[in-house]
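Taking it in order: structure first as structure tokens, then the write-up.
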Amino acid sequence: MKILFFGPNGSGKGTQGAIVKEKYGIPHIETGVIFRENISKGTDLGKEAKGYINRGELVPDSITIPMILNRLKADDCKKGWLLDGFPRNLTQAQELDKALSKENIKIDIVIDMVLDRQIAKNRIMGRRLCANDNNHPNNIYIDAIKPNGDKCRVCGGSLSARSDDQDEAAIDQRHGIYYDTKTGTMAGCNYFKNISAKNNGIPKIVELDGRPGVKEVSAELMAKLG
Ligand code: AMP
């Protein structure tokens, strides 16, 4: 199963992505996580990406596109993948489509989580990262995934806030890119919706209302995935 997962930062995409990954037993490939791992390990890639990430800008396509296309060739991707945070602009969408078409690989599902920009911004400022597992969602403003004191609600691990999550200018910058329907992320999402419309609903488009709580959104998602 090959799935693209779109949704603005703060929509709960990471939380729902972890559930989709379990359902299909596929790797959850998150571009932002790959970058952050490289930053904490101090790799050349991390050093290069850090400034862009802190400002809320996209890491250049010349770095990001080959990095993801290579990741999709890894052994664990043979049975499928869930791509989260890529494509993030129209060029990345076109390049992904081109690379997959060349290999005759079809995307099965495109999930589009829809959420108002202001709600997404509030949620971003409340989220916390678990030191032990990136798939342990915690958010101080969402009851269903509130941390246990200052510890991870799943494993008790220590929590931290991402610096780019506490910087309003960086959030606005990231959302500006996401909600841009000309060349930004929504343009990338619409690119695949247009393919679906011309191709008898393949890939299948799953639109999700991101406003309800985690459980309600995941119930809707499971119902729509079938
Ligand atoms: P995220 O964890 O998805 O919020 O991503 C954090 C940051 O990583 C973004 O604000 C960008 O700076 C960078 N990033 C993530 N995905 C991409 C992408 N597909 N293309 C370029 N930069 C990205």
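Just so it is clear, the structure is predicted and the values come from calculations on it, not from any experiment. Indexing begins at 1, ligand by ligand and atom by atom, following the structure's order. When a residue number appears, it is its place in the shown sequence, counting from 1.
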Protein contact of atom 19 (N) of ligand 1 - nearest heavy atom, named by residue and atom, plus distance: G85 O, 2.8 Å

Do N199 and S196 pair up side chain to side chain, a donor and an acceptor below 3.5 Å, judged on atom types alone? no

Nearest-neighbour protein heavy atom for atom 20 (N) of ligand 1, which is reported as residue plus atom name and distance: Q92 NE2, 2.9 Å

Rounded to the nearest 0.5 Å, what separates atom OG in S163 from atom CD1 in I53? 9.5 Å

Report the distance from atom CD1 of I195 to atom NZ of K106, rounding to the nearest 0.5 Å. 10.0 Å

Can you confirm, on distance only, whether ligand 1 has an N/O atom lying under 3.5 Å from any N/O atom belonging to V59? yes

Against ligand 1, does R36 come closer than 4.0 Å with any heavy atom? yes

Where on T64 is there a heavy atom closer than 4.0 Å to ligand 1, on the side chain, on the backbone, on both, or on neither? side chain

Check whether any N or O atom of K13, backbone or side chain, sits under 3.5 Å from an N or O atom of ligand 1, and answer yes or no. no

Using 4.0 Å as the upper bound for N to carboxylate O, is an ion pair formed by D180 and K182? no

Can you tell which part of I53 has a heavy atom less than 4.0 Å from ligand 1: side chain, backbone, both or neither? both

Looking only at side chains, do Y191 and D97 share a donor and an acceptor under 3.5 Å apart? yes

Does some side-chain heavy atom of I3 sit less than 4.5 Å from a side-chain heavy atom of I111? yes

Below 4.0 angstrom, N of the basic side chain to O of the carboxylate: do R211 and E216 qualify? no

Protein heavy atom at shortest distance from atom 1 (P) of ligand 1: R88 NH2, 3.6 Å

N or O contact, P87 vs ligand 1, cut-off under 3.5 Å: no

Within 45° cone of Y178 ring axis and under 6.0 Å: R174 NZ or CZ: no

May I ask whether R162 has any heavy atom positioned less than 4.0 angstrom from an atom of ligand 1? yes

If you define the side chain from C-beta out and look only at heavy atoms, does anything of I107 sit under 4.5 Å from L83? no

Where is the nearest protein heavy atom to atom 12 (O) of ligand 1: which residue, which atom, and how far? E57 O, 2.5 Å

Closest to atom 23 (C) of ligand 1 among protein heavy atoms sits F35 CE1, 3.7 Å

Would N9 count as a polar contact of ligand 1, with the cut-off being nitrogen or oxygen pairs under 3.5 Å? yes

Give the atoms of ligand 1, by number and element, whose distance to some non-hydrogen atom of R174 is under 4.0 Å. 4 (O), 10 (O)

